[in-house]
Amino acid sequence: MSTINDFSGYNPTWCPGCGNWGIGVAIKQALVQLNLSPSKVGVVFGIGCSGNMNDFLNAYAIHSLHGRAIPNAIGIKLANHKMPVVAIVGDGDCYGEGGNHLIHACRGNHDITVIVHDNGVYGLTTGQVAPTALKGFKSKSTPSGIIEIPINPLSLAIGSGATFVAQSFAGDVNHAIAMIKAGIEHKGFSLINILQPCVTFNKINTYQYYLQKVYKLPLNYKKDNFKTAVEKSLEMNEEKFPLGIVYETDKPSYTDQLPQLEKKTLVEKERFSDFEKLMIDFI
Amino acid sequence: MSFTWKIGGEAGFGIMTTGLLFSKIASRSGYHIFDYVEYPSLIRGGHNAYEVHVSENETTHLNKTIEILVCLNKETFEKHKFRLTSESLVIYDKDEFGIISDYKTINIPFKKILSELKGQPVMKNTIALGASIAVLGGDIDVLLKIIEEQFSKKGEEIINFNKQFANVGFNQVKNNYKTLILNYLTKRKSDVKLVMTGNDAFSLGSMIADCRLYVAYPMTPASSVLTTLASWQKKTNIVVRHAEDEISVINTAIGASFAGVRSSVGTSGGGFALMVETVSLAGVTEIPLVIFVSQRPGPATGMPTWTEQGDLLFAVHSGHGEFPKIVLAPGDIEEMIELTAKAYNLADIYQLPVIVMSDMLLSESHKTVSKKFVDDFIAEYKVNRGKISNIKASTFAKASVDEQNFLRYKITEDGISERLIPETPGSFYQANSYEHLEDGHTTEESAPRIAQVDKRARKWQTYLKSDFQLPKIYGDIDKADVVFVCWGSTKGVVVEEQKILLKKDKASACIHFNHMYPLDKEKIKGIFNKKKRYILVENNSWGQFGKLLLQETGIEIKEKLLKYDGRPIMAEEIINKLT
């Protein structure tokens with residue numbers, strides 16, 4: 001059995017009270033509870049306060065570029081589809097810079113788990129708006145308030161073909177653990193949007209704000225119904241935040257559909273050597 | 001003996017396929033070929049043309065004179081008549097258009113034959129091939145055999161239906177134009193040859209090198225690598241991902257390479273521009289990657305289906321920050337196979353991005369390659385994965401309890417640190433895009449920063465000592481009146497033009513670079529130490545290699561032959577430059 005300590009790298013440098021602390025603990029705890037160890041999991045970090053978890057979490061990891069964690073994660077999965085692969089990213093990272101990758105990773109049902117720290121701001125660059133900021137949010141880059149409406153990550157993912165879409169809250173670590181575990185165990189693309197107060201740069205979406213606006217999906221909620229899932233996710237547009245697995249369905253993942261990977265992973269395969277088969281095309 | 005056969009017609013009616021078939025017919029008849037396609041960036045309605053230079057000896061260039069021009073429409077004649085001589089033969093359909101002609105003409109009633117035999121418009125091509133074989137004195141059975149292979153799955157009836165068009169074309173010439181028949185394509189003995197493009201060669205080279213993942217987004221003229229490797233998936237078990245954009249393309253490949261799989265990507269200049277941020281990521285994380293860049297004329301969308309060597313400096317300087325990379329530029333199909341396979345080894349040995357450059361001319365032109373050459377190369381080639389740690393779980397105290405952080409970026413004398421394949425039990429590490437310590441953790445401290453920058457830079461020194469190849473010299477510099485300097489695909493035309501000069505008793509030499517970057521200053525200066533007339537030959541307007549050579553070695557070549565109209569350089573153009 002591994003322990004939290006096995007996964008603990010350097011001591012985090014996040015601001016005191018930052019939602020990242022809760023998410024960081026939840027990720028490690030989920031990995032421990034899944035009986036994984038640092039050598040058995042692939043993790044890709046984006047760039048931002050969330051991505052800075054790279055030094056605090058032990059794993060075979062890439063600390064990637066801003067926005068590019070998802071395609072890196074897809075690549076790791078293609079190479080070794082038996083290894084769980086997790087992308088730890090921020091809202092600007094995943095919904096802004098890397099938005100296109102998110103859509104297409106959903107479409108492909110790539111078997112990776114994307115954990116998004118959604119705090120509505122770019123913390124690491126001192127608090128400019130993120131794509132999830134509420135309309136009118138004032139920041140250094142939008143002094144008169146942001147004109148755009150916020151992106152809805154849940155409906156975007158569900159509509160794009162994601163087979164697991166969940167939401168959690170950094171203030172409820174146990175809930176986050178459960179969601180992360182379920183996401184990693186899900187075969188196919190999973191998105192976990194974690195609402196996270198930025199205590200330094202976001203004075204609107206605070207712990208108090210979320211405590212008033214979040215609610216847990218009831219036990220009898222049917223997570224496999226596409227239409228209800230879309231309706232539930234649209235509640236975010238009215239600042240109501242459902243917590244739990246909003247949508248989950250069972251479909252073959254990308255690597256499930258590659259006959260090349262039926263028997264062995266790409267990395268453990270034998271070298272191809274029957275070149276006559278190829279040269280025939282050129283005669 | 002050598003001649004040029006060219007066919008032209010409206011886009012969308014099988015000109016490309018027909019041209020390739022002619023190349024294969026010539027190859028199977030025992031000849032060497034080099035071919036070239038001309039097509040606009042659209043699918044229907046434009047003008048397509050395909051020319052094949054056929055020779056008894058190896059050929060790597062185009063001739064200015066066209067000996068046989070097959071005109072499936074009038075435009076073909078109008079566009080290419082400036083390359084005809086009074087000895088040239090023009091094949092056309094008198095019923096469709098007239099030509100005022102000082103040339104020898106052969107009338108083939110394509111339209112009439114099609115309507116009589118109830119053929120599809122594309123079958124004009126089969127008639128044209130039959131007629132071409134006849135006029136060249138070739139063996140129609142070569143074409144009939146190809147038709148059998150092509151339609152083998154469709155049954156006897158379809159095969160015979162198609163064969164009749166070949167025969168009709170063939171007999172039209174045999175019966176009506178006996179006096180015009182040439183003996184250019186009579187069957188001769190030769191070893192088995194492969195008819196390959198540069199893109200085919202990159203694809204085959206990748207398979208030889210055990211590439212297991214190819215990721216791309218379609219972009220002319222690199223697209224056929226994507227489609228070829230995709231079509232080989234069932235045969236080879238390679239995985240091909242057509243991703244949403246070039247940014248995803250290169251980042252997918254980086255992920256897979258990190259996880260231990262040989263991976264590559266391919267694109268043209270515009271797509272490479274999108275990838276460049278991640279070239280830098282590969283540099284600092286020291287993740288091996290092969291990047292195929294097939295150039296076309298830019299800037300921006302430029303002239304998508306034409307040729308240029310305009311991205312050399314872009315490739316050499318690609319990526320923000322300072323990090324080592326290697327740039328190779330094969331000169332022909334054989335070099336493309338060799339250097340592609342070498343690129344994968346270099347990427348693994350030095351743990352950095354290796355760029356393999358091509359251009360539309362090299363990527364899409366076919367050339368015959370001796371099959372024996374390829375067989376021998378396959379037998380000789382050894383996969384070298386470089387320094388991969390063979391740490392086993394037992395090395396560590398107890399797997400999964402005391403897993404230890406691996407020193408992925410350990411400071412070493414040769415600049416290369418051991419890699420560890422993820423999922424190796426007992427350890428872990430992070431490949432970090434931030435500057436990092438030996439164990440991969442982020443650092444902003446002065447001393448480790450300097451140590452890591454220097455470590456990465458030492459890989460270049462190691463490469464220059466161990467794997468860099470000096471340019472090849474064709475001809476004898478000492479005896480040469482003039483020395484041409486070129487790189488990549490311009491090799492073919494320069495070497496050909498040397499032969500023409502030699503016939504005129506003019507000795508020349510050619511210095512051809514294919515290991516483009518980094519360059520070994522002292523060794524290269526040794527080659528340029530003679531007082532000669534040096535001429536730089538490049539398919540671009542800046543003389544980009546000239547600039548690179550000056551920057552890296554201080555050698556300046558003042559006289560230049562530069563062509564940048566999207567067309568390849570022809571031997572005659574170099575000869576004219578000298579006089």
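Please read all numbers here as calculations on a predicted model, not as lab measurements.
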(request) Under 4.5 Å heavy-atom distance to chain B, tell me which part of A:L36 shows up: side chain, backbone, both or neither. (result) neither
(request) Would you mind telling me which of B:V383, B:L194, B:I146 has the largest number of heavy-atom pairs within less than 4.5 Å of chain A? (result) B:L194
(request) Kindly write out the residues that satisfy side-chain contact (heavy atoms from CB on, under 4.5 Å) with A:T126, not counting sequence neighbours, or none if the list is empty. (result) A:Q128, A:K140, A:F201
Cut-off 3.5 Å, no hydrogens considered: what does the side-chain donor-acceptor table look like for residues 64-72 of chain A, sequence neighbours left out?
from	atom 1	to	atom 2	distance (Å)
A:S64	OG	A:N72	OD1	2.5
A:H66	ND1	A:I47	O	3.0
A:H66	ND1	A:D93	OD1	3.4
A:R68	NE	B:E277	OE1	3.3
A:R68	NH1	A:E97	O	3.3
A:R68	NH1	A:H101	NE2	3.0
A:R68	NH2	A:E97	OE2	3.2
A:N72	ND2	B:N251	O	2.7
A:N72	ND2	B:N251	OD1	3.2

(message) If we ignore hydrogens and angles and just use 3.5 Å, is the side chain of A:R271 paired with the main-chain N or O of B:I208 as donor and acceptor?
(response) yes
(message) To the nearest 0.5 Å, what is the distance between CD1 on A:I76 and OG1 on B:T252?
(response) 10.5 Å
(message) What part of B:R241 gets within 4.5 angstrom of chain A, counting heavy atoms only: side chain, backbone, both, or neither?
(response) both
(message) Is there a side-chain contact between A:M83 and B:P422 in this structure, where contact means two heavy atoms from C-beta onward sitting under 4.5 Å apart?
(response) yes
(request) Measure across B:A259 and A:A79 and return the closest heavy-atom pair with its distance rounded to 0.1 Å. (result) CB-CB, 3.6 Å
(request) Below 4.5 Å from any heavy atom of chain A, which atoms of B:V215 appear? Answer side chain, backbone, both or neither. (result) neither
(message) Report which part of A:I62 has an atom under 4.5 Å of a heavy atom belonging to chain B: side chain, backbone, both, or neither.
(response) both
(request) Quick one: pull up CD in B:Q404 and CG in A:D6 and give me the separation to the nearest 0.5 Å. (result) 11.5 Å
(request) State whether the number of non-hydrogen atoms from other residues, nucleotides or ligands found under 6.0 Å of A:K82 atom NZ is greater than 12. (result) yes
(message) Is B:I247 close to chain A through its backbone or its side chain, or both, or neither, when contacts mean heavy atoms under 4.5 Å?
(response) both
(message) Going by ring-ring contact (aromatic ring centres under 6.0 Å, His included), name the pairs with one or both residues in residues 253-283 of chain A, residues two or more places apart or in two chains.
(response) A:H110-A:Y254, A:F272-A:F275
(request) Could you have a look at B:D245, B:T228, B:L213 and say which one has the most heavy-atom pairs with chain A under 4.5 angstrom? (result) B:D245
(message) Any side-chain to backbone donor/acceptor pair from B:S433 onto A:H63? Under 3.5 Å, distance only.
(response) yes
(message) Using 0.5 Å steps for rounding, measure from the CD atom of B:Q430 to the CG atom of A:L57.
(response) 9.5 Å
(message) Check whether A:Y60 reaches the backbone of B:A431 with its side chain - one donor and one acceptor, N or O, closer than 3.5 Å.
(response) no
(request) Tell me, for A:D281 versus chain B, whether the close heavy atoms (under 4.5 Å) come from the side chain, the backbone, both or neither. (result) both
(request) Please report the C-alpha distance between A:N52 and B:Y434 in whole Å, then the side-chain angles of each, then the deciding distance to 0.1 Å, and finally whether the side-chain contact (heavy atoms from CB on, under 4.5 Å) criterion is met. (result) CA-CA 10 Å; A:N52 278 351; B:Y434 279 81; 3.6 Å; yes
(message) Quick check for you: to the nearest 0.5 Å, what is the distance between B:R212 atom CZ and A:K269 atom NZ?
(response) 8.0 Å
(message) We want to know whether A:N54 and B:T442 form a side-chain donor-acceptor pair, criterion being a heavy-atom distance below 3.5 angstrom.
(response) yes
(request) Check whether B:Y429 gets within reach of chain A through its side chain, its backbone, both or neither, counting any heavy atom under 4.5 Å. (result) both
(message) Other residues, nucleotides and ligands only: do more than 12 of their heavy atoms fall within 6.0 Å of CD1 on A:I283?
(response) yes
(request) Would you please go through residues 23-33 of chain B and name the residues with a non-hydrogen atom below 4.5 Å from one of chain A, in numerical order? (result) B:K24, B:R28
(message) Within this structure, what is the CG-CD distance for the pair B:D210 and A:E270, rounded to the nearest 0.5 Å?
(response) 10.5 Å
(message) At a heavy-atom distance under 4.5 Å, which candidate from A:L78, A:I74, A:L278 has the highest pair count against chain B?
(response) A:L278
(request) Determine the option with the most heavy-atom pairs under 4.5 angstrom with chain B, choosing from A:N58, A:V85, A:V44. (result) A:N58
(message) What part of A:L258 gets within 4.5 angstrom of chain B, counting heavy atoms only: side chain, backbone, both, or neither?
(response) side chain
(message) Other residues, nucleotides and ligands only: do more than 12 of their heavy atoms fall within 6.0 Å of CG on A:D274?
(response) yes
(message) So for B:V192, is it side chain, backbone, both, or neither that comes closer than 4.5 Å to the heavy atoms of chain A?
(response) side chain
(request) Flag the pair B:K235 and A:E276 as a salt bridge only when some basic side-chain nitrogen lies within less than 4.0 angstrom of an acidic carboxylate oxygen. (result) no
(request) Could you tell me which non-hydrogen atom of B:F258 sits nearest to which non-hydrogen atom of A:A61, and how far apart they are? (result) CZ-O, 3.5 Å
(request) For the residue pair B:E244 and A:I103, establish whether any side-chain heavy-atom pair is separated by less than 4.5 Å. (result) no
(request) Take A:M279 and B:I378 through the test side-chain contact (heavy atoms from CB on, under 4.5 Å) and record every step on the way to the result. (result) CA-CA 12 Å; A:M279 282 193 272; B:I378 290 169; 4.0 Å; yes
